[in-house]
**Q** 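Sharing a structure below in structure tokens format, with a few things to ask.
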Amino acid sequence: MPEFRQNQATKEWVILAPDRGRRPDEFSREQKKREPLPSYQEGCPFCVGNEAETEQAVYTYPETGNWQVRVVPNKYAALKADLSTTRTRVGSFLAAKGFGIAEVVIEHSRHDTTIGVMEVDEVANVLGAYRERHFKIRDNDKINLITIFRNHGPRAGTSLEHPHSQIIATPIIPPHVRYPLEQAVMHYDEHGSCVYCDMVSEEIRQGERIIVDSDNFVAFCPFAARSPFESRIYPKRHMASFISTSDDEVSELAWVLREVLGKLRHGLGDPDYNYVIRSSPIGDEDTRHLHWYMVIIPKISIPAGFEIGSGIYINTVAPEESAAFLRMITEGR
Ligand SMILES: [Zn+2]
Ligand SMILES: [Zn+2]
């Protein structure tokens, strides 16, 4: 029976219309096999030895000797750092110069690896780079929002095979981000608690959508998941900003993230995916009503006319089923 479900935090609705004829393991057969990659690819600007082909690194880990992680300004950035944020009018329409900071996080010196198969401490080094850059970029007083994300594969928006993620910092907080923030304020006013903390405890209490549960983090397919296998990782303690994550928490998150991505990779045949870290806007790092999290969206379904028209997503795999399937995947990374 189809069902409407509401996301408690954003108030968005989804339709759950499970396709009974389709079992989760069928998704893996539908994935195109990826060609095996070489560990070094000539002409790849992100490979070790080709450092001169990128802008100068703003962060390198380790700082000396062979690097694992390098963060470089994005050569092909949609936004530029040397512009003003003054709004202008085009007739009655509002515009501004394309100011922003765009960086590429080269996650590994090797061409043929990815987060889902890296060693846990290597993943922690990548997350450590995110945290460090987030921390530094927020010093720019024109920046209001920092979005850290990873596109894996062509359906997720990248044709570059070398493992990398991106950071884009903008002066603008768009309605897509602003609206959930306002909802979180209202929830706090009404209940005196963080809506995300409440959601996390309810997911843990119900239990059937949990993928991985560690001391300080929990990964689950949310009650109102918009697409098959949509997964989220939340810190259990209240933290509005990703920069408040401790070193130990970064290591633990690395384990949880690799676990979830490893399960998606092995269980679903290495699907393309996006992940995003949603963290509080700059200046809201200590608020009681916001809570950072990671959302991982395998590119299994594509938003079509109804989704575009209504903003209501139709999910054909119940998150309970997605989570049960992912929990079962234990080996083969
Ligand atoms: Zn490469
Ligand atoms: Zn919270």
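Computed over heavy atoms, backbone and side chain alike; hydrogens, waters and symmetry mates excluded. On a predicted model such as this, the values are computed, not experimentally measured, just so you know. Heads up: numbering here begins at 1 and tracks the sequence.
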**Q** Counting only N and O atoms by type, is there a donor-acceptor contact under 3.5 Å from the side chain of Glu252 to the main-chain atoms of Ser214?
**A**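 No; judged by distance alone, with no hydrogens or angles, the pair does not exist.
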**Q** Sorted by first residue and then second, give each ring-ring contact (aromatic ring centres under 6.0 Å, His included) pair with at least one member in residues 60-82; sequence neighbours left out.
**A** none
**Q** Between the side chain of Arg87 and the main-chain N/O of Thr85, is any donor-acceptor distance below 3.5 Å?
**A**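 Checking the backbone N and O of Thr85 against the side chain of Arg87, a donor-acceptor pair under 3.5 Å is found.
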**Q** What do the steps show when you test Tyr273 against Phe229 for ring-ring contact (aromatic ring centres under 6.0 Å, His included), and what is the final call?
**A** CA-CA 10 Å; Tyr273 65 80; Phe229 307 100; over 10 Å; no
**Q** I want to check something: taking the side chain as every heavy atom from C-beta on, are Leu79 and Ile101 in contact at a cut-off of under 4.5 Å?
**A** no
**Q** Give the C-alpha distance, both sets of side-chain angles, the deciding distance and a yes or no for side chain to side chain contact (heavy atoms under 4.5 Å, CB included) between Val212 and Phe217.
**A** CA-CA 8 Å; Val212 177; Phe217 291 89; over 6 Å; no
**Q** Under a 4.0 Å N-O cut-off, is there an ion pair linking Lys97 with Asp82?
**A** no
**Q** Which ring-ring contact (aromatic ring centres under 6.0 Å, His included) pairs, counting each pair once, include a residue from residues 92-146, with sequence neighbours left out?
**A**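 Found His111-His162.
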**Q** Would you check if the side chain of Lys75 reaches a backbone N or O of Glu53 as a donor-acceptor pair within less than 3.5 Å?
**A**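 The answer is yes, because a donor-acceptor pair under 3.5 Å joins these two groups.
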**Q** For residues 169-207, which residue pairs pass the ring-ring contact (aromatic ring centres under 6.0 Å, His included) check, not counting sequence neighbours?
**A**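 ring-ring contact (aromatic ring centres under 6.0 Å, His included) check on residues 169-207 returns His187-His191, Tyr196-Tyr293.
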**Q** Please check: side-chain N/O of Arg70 versus main-chain N/O of Val105, any donor-acceptor pairing under 3.5 Å?
**A** no
**Q** Of Arg155, Arg150, Lys299, which meets side chain to side chain donor-acceptor pair (under 3.5 Å) against Asn274?
**A**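 Passing option: Lys299.
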